[in-house]
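One structure is given below, encoded as structure tokens.
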Amino acid sequence: MNTYAPNLTEILDREPLPASGIESGDVDYTADGVAYRGYLAHPAGEGRHPGIMVVHDWLGVTDYVRMRCDMLARLGYTAFAADVYGADVRPAPEDAAGVAGGFYQDRPLWRKRLTEAFAYLREQPSVDADRTAAIGYCFGGSSVLELARTGADVDAVVSFHGGLLTGPEGEAEQMTAKLLVLHGAADPVAPDDAMLAFENDLRTAPSVDWQLVSYANAMHAFTLPDADAPEQGAQFQATAERRSWAAMKAFLAEVFEARA
């Protein structure tokens, strides 16, 4: 069992550890000749569970995303932290914007790596491949929306304070996933004009089931306990963190119950 910093443990322990426990650990995988190191957590013992891919923020796979995977495993899911960057890429905070920005500039590569990671999740023995979701934080929130835009066979996508990108005309119609976008009302990374453009893009695809929740006074990175740069528009907000997690839980329960 991982030992996390106290601020992460406090969040983790909101979900009780089941009596049977969970199994978790780093996992190495390769796709198209590139080595990756992710993290997998699931309820202990045999059996298949709904699978959830969790995509990291711009720092890569850290204890924060591992902790979220453990929380999901405590809820009865198999959670896989995808490594979009590659096993040898763990940028320092001052370099992270440049590394993440490279994927925003190369959306085909970005989507390819997400698709490969999602395929890895579906192959896991503890995953019910007929019930899957993808969630992500910051860069990861943008990432899971990109995955949805590929038309991937994923039931649900949840973005936490992700960038709200649009796509080519007509692309939104490819999306089959149900979408939940959890947004900070004071997030300068996704200001009102970006939010409106995102919503208008989805309105061109009436078949897409989507919802956007905006949290009052919440800045970018509102779920990350270490975020404390209000002068740059990024700050943890406990209320929005709790409410967004509860919203995700209810959304996933609804989606997976319908697929049972």
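Start at 1 with the first residue, then count along the sequence. Just so it is clear, the structure is predicted and the values come from calculations on it, not from any experiment. Just so it is clear, the values below take in all heavy atoms, side chains as well, and ignore hydrogens, waters and symmetry mates.
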Check: Val127 main-chain N/O paired with Gln124 side-chain donor or acceptor under 3.5 Å: no

Step-by-step side-chain hydrogen bond (donor to acceptor under 3.5 Å, both in side chains) determination, Tyr64 to Asp226: CA-CA 10 Å; Tyr64 178 77; Asp226 291 333; over 6 Å; no

ILVMFWY network linking Phe251 to Val208, side-chain heavy atoms under 4.5 angstrom: no

Point-to-point distance, once rounded to the nearest 0.5 Å, from CG of Leu40 to CD1 of Ile22: 10.0 Å

Short side-chain to backbone donor-acceptor contact, Thr132 and Ala129, under 3.5 Å: no

Qualifying residue for side-chain hydrogen bond (donor to acceptor under 3.5 Å, both in side chains) with Tyr39, from Asp70, Thr62, Asp26: Asp70

Atom pair CE/CD of Met67 and Glu10 - distance to nearest 0.5 Å: 10.5 Å

Which residues share a ring pair (Phe, Tyr, Trp, His ring centres under 6.0 Å) with Phe160, sequence neighbours left out: Tyr137

Close side-chain approach of Arg74 to Leu12, heavy-atom, < 4.5 Å: yes

Beyond-backbone contact of Trp245 with Met71, side-chain heavy atoms, under 4.5 angstrom: yes

For Leu59 against Ala96, the heavy-atom pair lying closest together: CD2-CB, 3.9 Å

Glu254 atom CD, neighbour heavy-atom count above 12 within 6.0 Å: no

For Arg149 against Leu165, the heavy-atom pair lying closest together: NH2-O, 3.2 Å

Whether over 12 other heavy atoms sit under 6.0 Å from Glu231 CD: yes

Trace of the side-chain contact (heavy atoms from CB on, under 4.5 Å) decision for Ile135 with Leu72: CA-CA 11 Å; Ile135 75 170; Leu72 290 165; 4.0 Å; yes

Pair Arg14 + Glu241: basic N to acidic O under 4.0 Å: yes

Same apolar cluster: Val89 and Leu114, side chain cutoff 4.5 Å: yes

Atom of Met195, atom of Leu212 and distance for their closest heavy-atom approach: SD-CD2, 3.6 Å

Asp83/Arg113 salt bridge by N-O under 4.0 Å criterion: no

Cys138 and Trp58: CA distance, side-chain angles, deciding distance, side-chain contact (heavy atoms from CB on, under 4.5 Å) verdict: CA-CA 7 Å; Cys138 299; Trp58 66 2; over 6 Å; no

Pairwise distance CG(Leu180) to OG(Ser244) - rounded to 0.5 angstrom: 9.0 Å

Greater than 12 external heavy atoms within 6.0 Å of Asp28's CG: yes

Shared hydrophobic cluster, Val54 / Val61 (ILVMFWY, side-chain heavy atoms < 4.5 Å): yes

Set of ring pair (Phe, Tyr, Trp, His ring centres under 6.0 Å) partners for Tyr77, sequence neighbours left out: Phe256

Geometric class of the Tyr36/Tyr29 ring pair [parallel <30°, tilted 30-60°, perpendicular >60°]: parallel

Flag side-chain contact, heavy atom, 4.5 Å: Leu8 against Pro225: yes

Parallel, tilted or perpendicular: rings of His56 and Phe139 (30°, 60°): parallel

side-chain contact (heavy atoms from CB on, under 4.5 Å) assessment of Glu171 paired with Asp201: CA-CA 9 Å; Glu171 185 182 65; Asp201 187 37; over 6 Å; no

Heavy-atom neighbours of Glu94 CD exceed 12 at 6.0 Å: yes

Over 12 foreign heavy atoms within 6.0 Å of CD, Gln174: yes

Gap between atom CG of Leu196 and atom CG of Leu164 - 0.5 Å precision: 11.0 Å

Side chains of Asp130 and Arg48 in contact at under 4.5 Å (non-hydrogen atoms): no

Minimal non-hydrogen separation, Val144 against Val158, with atom names: CG2-O, 3.5 Å

Heavy-atom check, side chain of Leu252 versus side chain of Ile52, under 4.5 Å: yes

Side-chain donor-acceptor contact under 3.5 Å, His49 with Ser126: no

Flag, side chain of Ser142 to backbone of Gly163, donor-acceptor distance under 3.5 Å: yes

Cluster overlap Tyr85 with Tyr104, hydrophobic side-chain contacts below 4.5 Å: yes

Distance, nearest 0.5 Å, that separates CG of Leu147 from OG of Ser159: 12.0 Å

Residue Asn217 excluded, over 12 heavy atoms near CG under 6.0 Å: no

Asp193, CG atom: more than 12 neighbouring heavy atoms under 6.0 Å: yes

Cation-pi geometry met for Arg203 and Trp210 (6.0 Å, 45°): no

Short N-O contact, Asp106 and Arg111, less than 4.0 angstrom: no

Single-linkage hydrophobic cluster, 4.5 Å side-chain cutoff, Val181 and Met53 together: yes

Check against side-chain contact (heavy atoms from CB on, under 4.5 Å), Phe103 and Val84: CA-CA 9 Å; Phe103 288 92; Val84 179; 4.0 Å; yes

pair Arg37-Arg90: side-chain heavy atoms closer than 4.5 Å: yes

Contacts of Arg107 that satisfy salt bridge (Lys or Arg N to Asp or Glu O under 4.0 Å) - sequence neighbours left out: Glu146

Met175 side chain near Leu179 side chain, heavy-atom distance below 4.5 Å: yes

Ile11 and Arg68, any side-chain heavy atoms less than 4.5 Å apart: yes

For Val154 against Ala133, the heavy-atom pair lying closest together: CG2-CA, 3.6 Å

CG-NZ distance between Leu109 and Lys112, expressed to the nearest 0.5 angstrom: 7.0 Å

Taking every non-hydrogen atom, the tightest pair across Trp110 and Ser143: NE1-OG, 2.9 Å

Near-ring test Tyr215/His183, centroid separation under 6.0 angstrom: no

